[in-house]
There are 4 protein chains.
Amino acid sequence: MYSKFLNLSPDKQERILNAALKEFSQKGYEKASTNEIVKEAEISKGLLFHYFKNKKELFLFLYDHFVEIIMDEFYSKIDWNERDLLMRFREITVLEFELMKKYPDIFNFFMAAYHEESADVKIELEKRNKEILVSSYQKLFTDIDTSKFKQGIDINRAINIIIWTMEGFSNEQQKKEKLRSVDQINMDEILSEINHYLNLLKTFFYA
Amino acid sequence: MYSKFLNLSPDKQERILNAALKEFSQKGYEKASTNEIVKEAEISKGLLFHYFKNKKELFLFLYDHFVEIIMDEFYSKIDWNERDLLMRFREITVLEFELMKKYPDIFNFFMAAYHEESADVKIELEKRNKEILVSSYQKLFTDIDTSKFKQGIDINRAINIIIWTMEGFSNEQQKKEKLRSVDQINMDEILSEINHYLNLLKTFFYA
Amino acid sequence: MYSKFLNLSPDKQERILNAALKEFSQKGYEKASTNEIVKEAEISKGLLFHYFKNKKELFLFLYDHFVEIIMDEFYSKIDWNERDLLMRFREITVLEFELMKKYPDIFNFFMAAYHEESADVKIELEKRNKEILVSSYQKLFTDIDTSKFKQGIDINRAINIIIWTMEGFSNEQQKKEKLRSVDQINMDEILSEINHYLNLLKTFFYA
Amino acid sequence: MYSKFLNLSPDKQERILNAALKEFSQKGYEKASTNEIVKEAEISKGLLFHYFKNKKELFLFLYDHFVEIIMDEFYSKIDWNERDLLMRFREITVLEFELMKKYPDIFNFFMAAYHEESADVKIELEKRNKEILVSSYQKLFTDIDTSKFKQGIDINRAINIIIWTMEGFSNEQQKKEKLRSVDQINMDEILSEINHYLNLLKTFFYA
DNA sequence: CATGAATGAGGATTCATTCAT
DNA sequence: AATGAATGAATCCTCATTCAT
């Protein structure tokens with residue numbers, strides 16, 4: 001499908017990808033201008049549509065492309081030997097923060113995509129997100145050890161509380177970071193804070 | 001500032017407000033068309049700009065207007081005698097669900113506004129949200145009784161876990177509801193689920 | 001529907017109508033450029049679309065508008081007292097030639113419309129043409145006297161031969177005229193030729 | 001001129017011809033897309049323009065090519081021994097219907113070409129049509145026997161009436177056929193109808 | 001108060017054709 | 001011979017805002 005694009009010189013591929021990434025993350029799908037993208041990528045107006053049928057396809061290609069890149073790195077870095085549930089969550093959250101620090105533009109793009117309201121792409125995005133969610137769940141929580149949980153605890157709801165806590169913390173952190181520049185993210189501080197929360201939860205959930 | 005608009009016949013005010021609300025919640029700030037708004041409200045193009053300097057002002061007026069309406073109803077319905085922290089959270093969450101069911105259009109508008117990426121209004125919205133958040137906090141958690149908490153618990157982080165749990169549950173619920181129609185929301189089910197989570201948290205946090 | 005347009009100053013209406021008529025008859029629906037139309041009419045790009053939702057509506061409005069003009073003049077000039085079939089056909093054909101000479105641009109537009117292949121407008125045009133054909137038939141051939149026909153003649157097929165002869169002659173004439181300029185059309189010659197054909201047919205069909 | 005193209009493998013020639021035929025008959029000259037043609041023919045963009053200087057040349061080559069094919073078959077099937085004028089017309093019309101049924105795509109292409117308004121090709125087409133018309137006339141009506149005509153009849157005008165009757169019938173038939181599918185064409189019915197008209201004309205013209 | 005005509009830059013996309021490989 | 005990348009002008013149409021009436 002996109003073999004045409006992938007045969008382009010890597011330099012030009014990258015210019016197009018980065019220009020599009022930047023424009024979409026800054027302005028969202030609808031307001032992003034293909035004019036700006038070609039200007040930034042220094043290609044002609046026609047070429048963009050030679051490789052991508054339309055704006056929607058460009059956007060979705062970008063999404064799939066960067067999801068793959070991030071996912072690959074994510075899964076390759078997970079310590080699959082750690083089978084304790086809370087420790088697995090800890091790792092996931094920490095890895096997320098690290099990747100966010102390493103690829104801020106991509107994560108901005110993901111954020112924009114997540115909140116995209118445009119009917120054109122919303123359904124496609126939701127379809128992809130569902131798939132990603134399901135496959136992630138399977139990969140990340142298979143063979144997980146839940147034996148440490150206190151007896152009588154509703155494990156499903158407990159897991160939800162853990163997830164929502166990590167999400168909530170993550171969101172709050174991102175809000176704070178928008179005010180500072182990316183470089184000022186202090187990983188140590190974040191790690192320490194994550195540990196605090198996980199210890200609290202461990203006290204509650206584990207025997 | 002908007003005295004001109006507020007002197008209009010209530011009928012016309014309402015037509016404009018509803019037309020704008022509908023357009024903005026369906027399409028978001030950028031894509032919303034003032035053309036469609038005036039058509040729906042059955043007023044002339046010029047009149048809209050007679051009352052609101054520009055699209056941005058209309059949007060922000062709308063936001064302030066409906067925030068006020070919702071907040072007033074919210075605060076008037078809170079049982080200020082309930083001073084237990086978890087019970088207060090319970091009430092807040094339940095009230096939110098009730099208002100969401102009563103005014104779905106307004107909440108759609110709020111959701112759209114919350115995720116609005118347009119540079120034009122984003123800063124203004126963030127300013128307002130910060131104010132609302134701060135003043136809400138003061139109103140909702142002043143004179144709250146935290147004496148029931150287990151000794152040695154980090155109350156601030158515990159509160160965050162409660163907040164994030166309620167938020168997480170709320171978000172998940174909204175995702176589910178998007179698939180059904182508004183009428184099918186089953187408040188009893190939701191209430192029961194909220195109670196489950198709060199009981200879990202109570203077990204952990206309370207002595 | 002087009003009340004907005006019809007409230008415009010007659011001067012501007014005419015400029016727009018003529019510019020569009022010219023562009024559409026010269027290039028056909030698809031290739032006609034709205035850019036050229038606004039340039040020729042000396043109005044802004046936006047204004048055209050303020051009055052007509054899109055190119056299609058403009059085209060169809062033009063069609064309806066000029067059909068009405070031509071039809072009104074046509075029907076007002078027919079001698080409704082002449083009830084002989086061949087004489088009625090004679091009148092119709094002559095009137096057509098006169099109107100063609102008077103409004104060559106409009107007839108060019110009609111020709112272009114008749115052969116329009118663009119899916120966008122084809123169906124709408126066919127619908128209109130069917131209606132026009134049916135109503136014309138009713139108006140033009142009601143109370144017609146066919147008593148002069150020879151006995152035993154298949155009147156329906158005879159009428160078809162008359163129609164096709166008049167059509168064929170008309171088409172041939174138009175082909176010839178394309179090579180000359182409009183002014184050189186010699187009505188006397190045409191009239192004489194029409195009479196020749198009708199006399200031939202009269203010899204055959206009438207007792 | 002087109003020796004390059006004619007040296008191509010017959011398979012590829014045919015793919016290109018059919019793809020172009022299909023695209024041009026469906027969309028007309030202007031709207032036909034060379035992109036679609038190469039896609040359908042499964043050749044590269046450059047190759048098409050290697051063989052045909054431009055779209056116009058491709059179109060005209062196609063026209064000449066299929067005119068030749070159809071004409072050859074047409075002339076080979078005419079019964080040159082039949083020298084009666086009306087019978088010759090009968091044969092021409094019937095053969096046309098048969099060829100139309102056999103090669104519907106080609107005739108659609110011819111129809112589209114006949115009504116083509118695009119300045120690019122219109123003049124060239126008219127030139128060709130004139131030549132074809134003249135040479136056809138010479139071939140088809142040389143050595144024709146007109147001795148059966150009633151004395152005193154204006155033979156040239158009589159012939160025109162016959163031509164226009166056959167044309168008119170043919171056009172009407174095609175209009176009807178557009179509504180049905182090609183397979184439903186009932187040749188017997190058509191033949192019978194043609195005979196009716198020719199008998200009528202025979203009564204008038206022949207002694 | 002109220003109207004709606006007017007603007008023109010900017011939106012995404014298509015197009016036939018060229019040319020280096 | 002054959003490829004397909006590259007061009008950029010042209011396409012229709014939308015938009016928020018202004019202003020004369």
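All heavy atoms count here, side chains included; hydrogens, waters and symmetry mates do not. By convention in this document, chain letters (A, B, ...) are assigned in the order of the sequence lines, proteins followed by strands, and residues within each chain are numbered from 1.
For dT7(E), the base has no donor-acceptor partner in the side chain of K45(C) [N/O atoms by modelled type, under 3.5 angstrom].
OP1 and OP2 of dG4(E) both lie 4.0 Å or more from every side-chain N or O belonging to Y51(C). For H50(D), a side-chain nitrogen or oxygen approaches OP1 or OP2 of dA1(F) to under 4.0 Å. S44(A) has no side-chain polar atom (N or O) that falls below the 4.0 Å cut-off from OP1 or OP2 of dG8(F). Taking 4.0 angstrom as the limit, S33(C) places a side-chain polar atom (N or O) nearer than this to OP1 or OP2 of dC12(F).
Checked against F109(B) for a ring-ring contact (aromatic ring centres under 6.0 Å, His included), the options Y114(B), Y29(B), F59(B) give a single hit: F59(B). Among F5(D), F66(D), Y51(D), the single residue meeting the ring-ring contact (aromatic ring centres under 6.0 Å, His included) criterion with F61(D) is F5(D).
As a whole-Å value, the separation of I37(C) CD1 from dC12(F) P is 8 Å. One interatomic measurement links the two molecules: CD1 of I43(C) to P of dA9(E), which rounds to 16 Å at whole-angstrom precision. Rounded to an integer number of Å, the gap from CZ of F5(A) to P of dA6(F) is 11 Å. Atom CZ in F52(C) sits roughly 15 Å away from atom C1' in dA6(E) (whole-Å rounding). Going from atom CD of E30(A) over to atom P of dC15(F) covers 10 Å, rounded to whole Å. To the nearest angstrom, P of dT11(F) lies 15 Å from NZ of K31(D). Taking atom NZ on K53(A) and atom P on dT13(E), their separation rounds to 10 Å, with Å as the unit. When rounded to the nearest whole Å, the span between NZ of K39(A) and P of dA9(E) equals 14 Å.
Nearer to the 5' terminus of DNA chain F, by closest-nucleotide assignment, is the contact made by L47(D) (compared with the other of L47(D) and K55(C)). Remark on DNA chain F: of its neighbouring residues L48(D) and F49(B), the 5'-side contact belongs to L48(D), judged by nearest-heavy-atom nucleotide. For A32(A) and Y29(D), each mapped to the nucleotide of DNA chain E holding its nearest heavy atom, the one lying further toward the 5' end belongs to A32(A).
Across all strands shown, dG4(F) is found opposite dC19(E) as a Watson-Crick or G-U wobble partner, with both distances under 3.5 Å. In this entry dA9(E) has dT14(F) as its Watson-Crick or G-U wobble partner, both defining distances falling under 3.5 Å.
Backbone-only engagement by N54(B) is indicated by non-hydrogen atom pairs under 4.0 Å involving sugar-phosphate atoms exclusively. At the heavy-atom level, N35(A) lies under 4.0 Å from the strands shown only through sugar-phosphate atoms. Using a 4.0 Å heavy-atom cutoff across all strands shown, K12(C) reaches sugar-phosphate atoms only and no base atom.
Residue E14(A) places its CD atom among 12 or fewer non-hydrogen atoms of other residues, nucleotides or ligands, all under 6.0 Å distant.
At a threshold of 4.0 Å, the pair E131(B)-K127(B) does not count as salt-bridged, since none of the basic side-chain nitrogens sits closer than that to a carboxylate oxygen.
Using modelled atom types, one side-chain atom of K4(B) and one backbone atom of H50(B) make a donor-acceptor pair closer than 3.5 Å. Checking side-chain atoms of K12(D) against main-chain N and O of I43(D) turns up no donor-acceptor pair under 3.5 Å.
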